[in-house]
Every structure is written in structure tokens, then in C-alpha cells.
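What follows is a single structure, written as C-alpha cells, with notes after it.
So you know, we letter chains A, B, ... as the sequences are listed, proteins then strands, and number each from 1. Just so it is clear, the structure is predicted and the values come from calculations on it, not from any experiment.
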Amino acid sequence: MGNFEALVEVQLRPGISDPQGATIERALPALGFTGVSGVRAGKAFRLQVEAPDDQAARRIVEELSERLLANPVIEAASVSIISPPPA
Amino acid sequence: MGNFEALVEVQLRPGISDPQGATIERALPALGFTGVSGVRAGKAFRLQVEAPDDQAARRIVEELSERLLANPVIEAASVSIISPPPA
Amino acid sequence: MALVAVRVGVVVFPGTNCEHDVAEALVELGAEAQLVWHGSASLDALDAVVLPGGFAHGDYLRPGAIARFSPVMAGVREYAAGGGPVVGICNGFQVLTEAHLLPGALQKNKGLTFLCRMTELEVTSDRSALTAGVELGRRLLVPVNHFEGNYTAGPATLRRLEDEGRVVLRYVDNPNGSVHDIAGICNEGGNVVGLMPHPERASHELLGSTDGLVLLRALLAWAGARLEPAGRG
Amino acid sequence: MNGSLHRELGLTDEEAVSIERILGRGPNHLELAMYAVMWSEHCSYKSSRVHLRRLPTEGPGVLVGPGENAGVIDAGDGIAVAIRIESHNHPSAIEPYQGAATGVGGIIRDIFTMGARPIALMDPLRFGPPTDARNRWVASGVVSGISGYGNAVGVPTVGGELEFGSCYAGNPLVNVLCCGLLPKDRLVLGRAGGVGNLAVLLGSTTGRDGIGGVSVLASAAFTDDPDAEASKRPNVQVGDPFEEKRLIEATLELLDKHLVVGIQDLGGAGLTCATSETASRGGVGMDVDVEAVPLREPGLAPYEVMTSESQERMLAIITPEALSSVLDVCQRWEVRASVVGKVTATGRLRVLKGWDGEVLADVPAASLHEDAPVCYRPMRPPARLLDGDGMATNGGVPTPPPPTSEADVAHDLLSLLADPSWAFGQYDHQLFRNTVVAPGADAALLRLSAPGVRAPSGSPARGIALSTDGNPRWCAVDPRAGTRLIVAESALNVACTGATPVALVNCLNFGNPEHAEVMWQFSEAIDGMAEACTGLGIPVVGGNVSFYNESRGTDIDPTPVVGTLGLVDRLRPGTPTPALTDRSTVLLLGPSSVSLAGSRWVAECPGSQAGGALAELDLELHSRLLELLAALVNERLVDGVHDVSDGGLGVALAEMAVKSGTGFRVSGITGLAELFGEGPSRVLISVPPANVQLITDRAGAAGVPTAALGTAGGDRLIVEGLLDLSLAEAEAAWKGALPTVFSAP
Ligand SMILES: Nc1ncnc2c1ncn2[C@@H]1O[C@H](COP(=O)(O)OP(=O)(O)O)[C@@H](O)[C@H]1O
Ligand SMILES: [Mg+2]
């Protein structure tokens, strides 16, 4: 068993309006940021998971994301397993 | 000039309490997830930025993160530049 | 008028805060109200169930996201499947959508701030437990109090809701960006209803409106009509 | 004495000597840290204590006065009201959202500690001008923080203030008031008793939050030095309203079941304060096991555990027999509970590493409070007020207003209108079905009722009214007279809902007490408050002092803020609010004397000049006015009511118009000084013509002057000879002012 670190990024699905992202985008020119577009505001979760290998870790975190961390009606989650288990 | 996609992850700094992460973690056993720990709940922003190269893109996004996306007093932002400019 | 008082269970999750208000308003209408802790699983002895407003589990992650896994929700699901009336108010509506007892989702308000204010609603369907017998087109003054009240659903879901007359309440002056000005919807059977406005806050002369009583009375009438003539079976 | 460590911890050399004298030996590091936090300005009130004694604190309904976690007033029907106000200024300057949120959390704990269910919050707020992006960031963050925490914890925010002024640019004022209800017999006090009893820590785990916060965050001024700010960063605390909500429910259940002997919240100075205070109030000692304290992160040193200001924690003193029942209640509410202390007969606070382990600290519990130093700081009136004899005078010469055209008057009036619903529209202000008059009127009016706290059935619905008031402009001109006016205004606001003012709490926001002028302002403000409260018969039941409000070396204008509690014997639907009714007569109750000194118009409208003396307050007249007004309101002889405060008659009339969508035509206001001048004891009422004679007679009998100003109706705001403005334009200016400025990036 190893201890894996996972990053779960949750964003609104394409087509679902994202007023927060849009508000940030509107504020940028006044702050001197030009050339920035397509801002999306979502959530990022970090967690440690115990699993035999990184495949298994990914499966657990994916299930957790679908069942809890994202609302599939409006959101999509993407999982990255970051750290390899300590040798 | 190329168009780069960036992901900004904003998390509370270590040592700052994260009630949201802790509450999610407390809920997990009831959902049948054991072996998950250290849940931190933060924000994820996606954006497109125009810049001459990925170094420059990173600098722009880092500045934007510090000034707008995170409050450095309690949060830390980490920037990844994801897509290479289209050839 | 039913001879026995209708027994309404008001579900309390940790973080719920409108349970006393709902119970009190129902009792003032002659019902019996009892608080049901989220850890209990059986709702058998009840004539109606209300999921009141508040911040179940702090609204952490998403409103309703954690609450939907509470033991009581298995009971609510079963109770609803048996035709029992279930009303989710505000946070309760959010819990019902997270639990997929109602379709769609409630996103952050368009203006990205919490909103607490009076709204005007129009009754647009009378086929729900909360609006049965209420005249279509009737206008009601009932306050809202939420950050995530912006109702969202895919085009197919919306079409079904509209075609089947399941949009029960609409805002006259949409405060939060909800699609089709939706303030409340019901399931196919009409027995599960969710709405963002708080009828219990428009339930006393001293509070500026009593229009919420129209909805709460309809609920008690619906629940009363399901009782056996001799009382509970 | 160990070098300069005591100085780094904020203790003076004399204080270090006292500590040695008390202990009969040199303190160790932990002991020094405990004295440092307890003897800080924030916890010990060392600069203010000698002055606060001059406030009147007694009255017939006062059950608990200053000194406990909250004041408690008997409201009749077996119900008592607990009330308290606090500042969270410095934390909010660094992290506005969390600073405000944790301020709300802290004040709520002060209320339920007394056994009261918190039912209302108020948030008097002051920020730098919103034309600056940083000030907007602070203001929006604070409002979101109050909304985010208050709404989620389930306590409605029913009123407050929202003001902007350049002296607050680096140092916002975030004050929060909370009020709660309790059955009179549930009143508990923060004291430990009974040797062998247990101290149980309830709520959150302990982390490094706010370590040194008391001495560093709350007592240090802000500078532009980024390193100095960076060193404070790890101290920012994050609020958890969900934890607090469960803590409220668990605590009230424990109290209902009579399971606790005493209880105290953990605020500034954390465990050190809670353990030593409960012990010294109860005349006992306490042993604390630092290893029994549940930690959020490993490796906290004992001094960190003892001074951490982690939020959402309470200390309950219980008998050993009650322990298992206490744990049951806590488990149901998912509240962590751990025995961390034992009551002893020694009078000493001992910190142990394991119950039978090493003694890490051993000090007389009471010495942390009672032996705290008292400072008699030097005071000096500002130079402009010193005449040849060195005596304070009123200073300055009244400046006649510059001549203006009708268009300029309209422009000035429009610029003074701002609907604060930008803030309070984000707050749940209706929870508990109590809110009879919502924010936006002169005072909030609530039913005297809360879950578990009801009047006997059949008794008439009774009410409480709440108003918070401050006015830095008046206090900058004359802190003593200005504070008198603030108390008078607050009482009048409450009377506008038909209530009788019965108690007052204060939050005294001042600059650096080491500046003699600041101490003079403070002392004058106390005297002004004492005079007005005595004259109006309103006892002061609690307060809070916030010093060191300064940025870049400049002190803020003196900003005492008061919160007034009023009672209404019988609530009826249709309480009048600031509104005009078509065809009603507009009457002014009260004297006509006003002053432009310290007025909003002078402060905000370009071209005008400062100077002069404030209008005189006649306390006897004011008392008569309060009584008369409450009676007229309760008998429903008036349709609309609004006191005349900042912005004078012009703003008061315009506010009544825009809030009701009804214009007016008034006459007899001859100049700008009359239109925008400010003075006490003045109320506008909108009256059905049939009642005018009766009201004039009643006012005459009460010795209150009246003046008929004109008539309500139409869609214009007309002051003959001065102003003619469309209602739509006024409405747009009022509604749009804050949303417009705050929508800028
Ligand atoms: N920050 C705030 N939070 C809640 N309510 C507020 C706030 N600011 C102003 N209000 C409300 O708006 C109304 C007008 O405020 P204000 O002009 O300060 O009143 P007054 O001059 O009568 O003291 C009051 O009801 C007050 O409670
Ligand atoms: Mg007023």
C-alpha cells in the first residue's frame, strides 16, 4: 500500500454559465491585464489516499469525485495523481 | 505571440485552518471512503493568455494570481502553463 | 378540515437553521410538527415531510452535497416513492436536487452575492403538494434568502418540466438568474416539491406578508386528504 | 529577568518587575507569554479602565452589567436580553473576509456563553473612501465575511451602519453587536466553582491561529513595512460558522439540561484567558493539562497551546458526575469535547504536561487579571482648542455656508444619498420570524421571541428595538458633545419604532493611547457618554475598547459607537417607518437649532468649510421627545417617522421620499444651514391631516416644539426657494450610489 497525493479539479461543464469567471475576466483590463480570456472559476481539492498502486488510487479518487466532489448535473471533475508512493 | 492555457490552483497556506476541507474529510467514512486524509479545499481557475512564450505567460498569470485570484495573506497560488502555443 | 392534526416532520441536519420557524408556522396553522434528526432513517409515522432552510453541513463543498448522504435521506426517498408529500425549502430544495429527487441544480446567484429580500411569485401550476387548490396566476409575496438559488437544468429537463406543468412557482422579477424565472418545481407525482423562497417567513401579520400561508395550507390540505377517514391506518 | 524577551512580547520593564514580584522568582517563557497576552491592552483595558468607571451602569432592569461576557437586561415575561458589541478592526484590515467573519463568531460566543440564544447581529462599519480600489476590496470583503458567517451560523443581521471616511483608509472599523434571549433562570456566569470539577474544552481543535495575535495583531499599528506585515500573516484566523452553529446548539442544550456549573468562550488570549478568568471569578485554582488539548497540527509548544486564538471553542466547567451526559450531548451535535482542566483549591493556575507530569507554569490565577497594570496615560486637548489660558474651549468659528444655486443644492443632496441595502441585502435579516422592522429604517424592531424562549401564551407580543450609531465628524469637532449627540440619536432611533430605550453598549474606537490627544478624546467621549446616559436614564451594560486605530502614523478620528436596546410593550402590525404617505402633513418635532459644524454636508460637499460648535443637546427636552414620539408611534397617530440625523433635514426628507416613492413640497427652510445643518432631538413625521391638531397639542403639552413643513405627495422633492428635484432622479441616485461605485474593478 502506498500513500498517493491527488489533485481534483472541478469546473462547470461547458455550456453552463460561469458568472464568477466572467466577472473576473471583466475586471482584468482595468488592472492592466490584456490578452487574458476564457476565465473559468472552479474548485481544486487536494487529498491523500492509500492504495496499492496509482491506478487504484486514481479509481478511488475518481469515484469520490463523481459521487461527492462534483455535481455531475453541472460540473465535471478531472483527477491527477501526483506523488508516487514512497519507495 | 502564442495563446497559452493556464491552470491556477489556490489553496489556503499550510497552518491556516481549512474548515471546508475538514468537513468534507469527516463526511467520507459514512460514504465508504476509508484511507483518505488531508483533504484541502481550494479554487481552480482556467484561463487563456496571450504571450510571446511560456515563460512570459507564466509571469503574467503569476502576477494576476497574486493580485486578484488569491489573498497572499492566507492563500498560495500555484500556476501551471498547460498547452504549448499552436504551431 | 381533518379531524386529526396533520403530522409534519421537519428534518434537521447539522447546520439547518429554519427548522423552528417552519415548525412554528405549521403549528400556528393547526398542524403537529416534530423535528426529525438527520440520523434517523424512518419517516413512517408522518403525514408530510419538510426539509427546511439553513446551511446543512455548513454548505461546505456545495449546498446539499454532504446532506444527501445522511441516513434520513434514504427515508425521504422511500417516503417520496410511496407518494408522501416532501417539500424542500431553500437549502431543502438544494438537498433534494443533490439527492436527485428533483432534477436540475442550484448555482450561485447571477449577481454573485447572497440575497435576502422580498420577492413576488406567480403560481404557475397547481399540480403540486404545495400549490394544489391555489388559483393559477395568483401573485404571492414571499422572501428569498440564498446565495445559490439560480436554478439551472439542461434543455431536455426544462422542456419536460414545462410540458408536464411541473414549474410550480416563478419569480415575477427574477432576482437570481434562474432559467425560465423558476422559483419552485415538483416531481412527476407532484408530491415532491422544491422552492427557494421561504413561505414560513411570510406567515404572520407582523412580518409584512402572510402569503406564505397559502402554500403551507395547501400542503396541509394535501397531506390531510391522504389520511384515512378514520385517521391514520 | 531574561533579557528583552518581555519587551518583544509587549511587556514593559515595570510590568516585568511586577511579574517577578508576584511570582517571587523570574517567570519562565510560558509564564511570560501568559502574562503578556493577559496584560495586553486588548485583554486588560489598561489604558481605559480608569476612565470607564465613570459610566453609569445601574438601572432597574439590569441583571448583569459590564465585566461579564455580555450585559443582561430583564425584558419582562421571564425573558432576559443579553447584548454585547466588539471590534475586529485590525484583523479585518489584513484579511477582510475572515477578519469580519471571526469578529461575528466571537461576539456570538459572548452571547451564548451567557445562556442566551443569539437572535440578532448588527454591523457598524467604517471604511476608507470607495473611490479607491483597496478600500473597495476591504469593504466588499468585510460585508461578504459578515454575510458568509452570520447567515451560515444562523443569526440574522438586522442592522448596522455603513460609512466612509478618509481616516479609515488603512484602518477600517468593523464593529459587531450581538443580542440574544434567554429564560431568566438559565443565566449562567463564566466562573468555575467546586474543587474537583472538570474544565471541558468544546469545539474546534487548537492550531497556531492568532498566536501572539493579542499582543501583535490587536495592539500593533500598521505600517507600510511589508516585512512587518508578513510576520503577522500566519496569525490570520479562519472562521468556521458550521462549527459555531453546532457549538451554539450543544451549549444551549447543556445549559438547558443544567449540566454545567460555569462556561466561558475562548477569545483573545485563548485558553490562558478562559482558564484563569473562570478560576479567578470563582475564587479557585485550576490545573490544565496541555497534552489533553486536541491539536490541529502536531508540534505546538505549550505557550502556543495556551495562547492560541483558534476560533469556535468554549470552556465548560462541569461536575465529574455530569461528564458522561455532557459527552453524549456533544457527540450528538458532533462537537469535540475534551477534559483539559481540573478545578483546585489553590487559587493557582498550573499548566501541566500530563496530569501527573511536569509543571510548566504555576501562577496565581487572579494575578493575570487583577494585578494587570493600570495606566494613567497623559491627556492633552489638541492645540486648536487651547486658548490663552490653556483651557479647552469649543474652538473654531462658525463658517457661513457659501451661496449656492438650486442646481448645486440638488447636486449636493444627491451626492449625500446612498441606500445601504447594498450591504444589508446580503444579510439574512429575517431568520426566527422575528423581524418586524427590517434594516433600512431608523432601528430594527424584533419580536421578543426565540426558539426555546417564548413568553407565556396569551401575553401580548412584545418587542425589542436595536440601533447602532456613531459619528466621527461630530466627535472630531468635540468628542464630548459629539458623544452626547450620538447617545441621543441612538435613543431617538429606537423611539422611532415605539420603543423605550433601556440599555446601551459601546464600542470605543480610538487612535494610539500613547498620544496624549487621543487619551483626551477618549476621556472626553466617556464623559459625554456618561452625561447623556445619566440624563436619559440609560445604563451602560457593556462595551469594548479598540485603541491603536491609526494608519501611517495618523490616528483615526475619535469614533465611539453605541448600540441601544429598546423595549416595546405591545407589537402591532403596521409600525411606521421612514416613509411619506400621499397627502399627509410633514411635521418636524423638536427644536430648530442646528449647526454645520461636523456635518456631513460640510465634510463631503466640495466648496464648503469646516469649523464651529455642535448644536446643543437639551437632555430634558430629549427625554420628553423620546416619550412623546414612542407614544405617537404606538398609538399609530403617525404614518411615517424618521429622525433627522446626518445630512440634516434635506437628507431626512429625501430618504423618506425615496423609500416610499412619494415626493413632497415643504417651505420655510431658508438656507443651506437649515437644510443640511445637524442638530439633536429632531424627528420628521408624516401625519394624516386629521391628526395634526391632536399631535400639535400633545407636543405642546410635552413641551416639544413642532413645525409644519409642508405636504407629502407628487413626484418631486421641493423645498421652496432651495430645491426642486425629480423623485426619479433622487431614487436613482440613492439606489445606485453604492452598487455603482462597488461595481468598479
Ligand atoms: N452595514 C449595515 N448592516 C446592516 N444594516 C445597515 C448597515 N448600514 C446601514 N444599515 C441600516 O440602514 C438603515 C439606515 O442606516 P443609518 O443611515 O446609519 O441610520 P440612522 O441614521 O437612522 O442611524 C438602518 O436601518 C441601518 O440598520
Ligand atoms: Mg435614524
- Option passing side chain to side chain contact (heavy atoms under 4.5 Å, CB included) with B:Ser17 (candidates D:Arg296, D:Glu243, D:Gln237): D:Arg296
- The reported gap from CD1 in B:Ile16 to CD in D:Gln98 (rounded to nearest 0.5 angstrom) is 8.5 Å
- D:Gln331 atom CD, over 12 foreign heavy atoms within 6.0 Å: no
- For D:Ile94 and B:Asn71 the tightest heavy-atom approach is O-ND2, 3.8 Å
- So what's closer than 4.5 Å to chain B heavy atoms on D:Glu312: side chain, backbone, both or neither? neither
- Note on the structure: Bottom line for D:Glu297: the part with an atom under 4.5 Å from chain B's heavy atoms is side chain
- Item | Minimum heavy-atom distance between D:Gly239 and B:Pro19, given as atom pair plus value | O-CG, 3.7 Å
- Any residues in residues 41-50 of chain B near chain D, with a heavy-atom distance under 4.5 Å, and which are they? none
- Considering only heavy atoms, which portion of D:Tyr97 lies under 4.5 Å from any heavy atom of chain B: side chain, backbone, both, or neither? neither
